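Chain naming here is simple, since letters A, B, ... match the order of the sequence lines and numbering starts at 1 in each. What you see is a predicted model, and the numbers here were worked out from it, not measured in a lab.
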Number of protein chains: 2
Amino acid sequence: MRIGQLARSVGVDTQTIRFYEREGLLPPPERQDNGYRIYTERHVERLAFIRRCRILELSLAEIHELQRYQGAPHQPCRAINTLLDDHIAQVRSQITDLQVLEKQLVSLRASCNDDRDIGACRVLEGLSEESMQQ
Amino acid sequence: MRIGQLARSVGVDTQTIRFYEREGLLPPPERQDNGYRIYTERHVERLAFIRRCRILELSLAEIHELQRYQGAPHQPCRAINTLLDDHIAQVRSQITDLQVLEKQLVSLRASCNDDRDIGACRVLEGLSEESMQQ
DNA sequence: TTAAAACTATATAGCCACTATAAGGTCAAT
DNA sequence: ATTGACCTTATAGTGGCTATATAGTTTTAA
């Protein structure tokens, strides 16, 4: 199949496919005489794998690492689990950070109603005060 | 004061200060004969304002908008509150997304212990299966 | 049969908010 | 006189795409 069909069947842009190829995540396919890329079922699977990883917000580097593991199926899989554990830890710390942020924002927002002049807006005041902690 | 002192007093890199100037967030300061930038107390405040906004993850565009409001103190401040409400909504949706993500990752991780061969690793299997929903 | 459309190719720039590097000028102290 | 700390501009890199420009190829419709 050609790049457009691969793109449609996995749900990505053709540009993204070429980008993954350049990044070494997708092996360079055969070419037709006119230079068009020809993909096989294995490319579909490989691309789908990448997309599933991306949905889980694994970085391209992490995906690369997973692909290396796939190439060595008789090693223990502890490294894979560690990779995932690290990623989970990262996601959790992002959540915690955002929750702190949300609290700060909500508290700032609560300091002002909608009916003031900008000159008296407590939100703007709050942002201008030194008291705000990092 | 010169750029290094401003940077230290607000806790940013000198590069970042020049970057904000280029982006129009910080007004261009006077220059000494040798070309060095000379900052005043007002620049300190202005830069600190920017930093407080950035801590709250407001974008440079949003900060720009806030600065425009500061220049027109006799308008109603509803726009400011709306900006903040939108930002809060955005942060909340990020949190929700990450929580969904975390669940998926934890469930994937739970499918495998540390003592398999990579060829039998259920994590890798999970990532390779079509069953994973986007 | 030809003209339009839909597809493919490469190369390059843009997004965001910085951060890093290079290559050089200025100034104070030793 | 030289070291070191500071300052200047310009340019490139980060991540994961996405957009644009330019051009060649194939397919479809008139």
Legend entry - Nearest to side-chain heavy atoms of B:R8, which nucleotide of D:dC6, D:dG16, C:dC7: D:dC6
Inset, instruction - Consider the side chain of A:R18, meaning its heavy atoms from C-beta on, and name the nucleotide among C:dA9, D:dC17, C:dC18 that approaches it most closely. - result: C:dA9
Distance in angstrom units between [X] [atom1] and [N] [atom2], rounded:
X: B:F19; N: C:dA20; atom1: CZ; atom2: C1'; answer: 14 Å
X: A:R54; N: D:dG15; atom1: CZ; atom2: P; answer: 12 Å
X: B:L25; N: C:dA17; atom1: CG; atom2: P; answer: 9 Å
X: A:I38; N: D:dT25; atom1: CD1; atom2: P; answer: 15 Å
X: A:E21; N: C:dT10; atom1: CD; atom2: P; answer: 8 Å
X: A:Y36; N: D:dT27; atom1: OH; atom2: C1'; answer: 10 Å
X: A:D13; N: C:dA9; atom1: CG; atom2: C1'; answer: 14 Å
X: A:L26; N: D:dG16; atom1: CG; atom2: P; answer: 16 Å

Legend entry - Position toward the 5' end of DNA chain D (nearest nucleotide), B:Q5 or A:Q15: B:Q5
Inset, instruction - Could you identify which residues of residues 57-64 of chain A place a heavy atom less than 4.0 Å from some atom of DNA chain D, listed by residue number, or say none? - result: A:S59, A:L60
Legend entry - Nearest non-hydrogen partners of B:E62 and B:L83, listed with the distance: O-CD1, 3.9 Å
Please classify the nucleic acid contact of [X] as base, sugar-phosphate, or nothing, using heavy-atom distances under 4.0 Å.
X: B:R2; answer: sugar-phosphate
X: A:R37; answer: sugar-phosphate
X: A:R22; answer: nothing

Side chains of [X] and [Y]: does their closest heavy-atom pair fall under 4.5 Å?
X: A:Q70; Y: B:I118; value: no
X: A:L101; Y: A:L98; value: yes
X: B:Y20; Y: B:L60; value: yes

Does a side-chain N or O from [X] land closer than 4.0 Å to OP1 or OP2 of [N], or not?
X: A:T16; N: D:dT18; result: yes
X: B:R31; N: D:dT9; result: yes
X: A:Y20; N: D:dC17; result: yes
X: A:R51; N: D:dC17; result: yes
X: B:N34; N: C:dC27; result: yes

Legend entry - Polar side-chain atom of A:D117 near backbone of A:G119 as donor-acceptor pair, under 3.5 Å: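 Flag not set: sc A:D117 to bb A:G119 has no pair under 3.5 Å.
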Legend entry - Main-chain N/O of A:V12 paired to A:T16 side chain as donor or acceptor, under 3.5 Å: no
Inset, instruction - Report the C-alpha separation of B:E125 and B:R122 in whole Å, then their side-chain angles, then the decisive distance to 0.1 Å, and conclude whether the salt bridge (charged side-chain N to carboxylate O under 4.0 Å, His left out) test is met. - result: CA-CA 5 Å; B:E125 255 176 54; B:R122 308 275 277 137; 2.9 Å; yes
Inset, instruction - Could you walk me through whether B:E21 and B:R37 pass the salt bridge (charged side-chain N to carboxylate O under 4.0 Å, His left out) test, one step at a time? - result: CA-CA 11 Å; B:E21 183 182 329; B:R37 291 170 176 81; 2.8 Å; yes
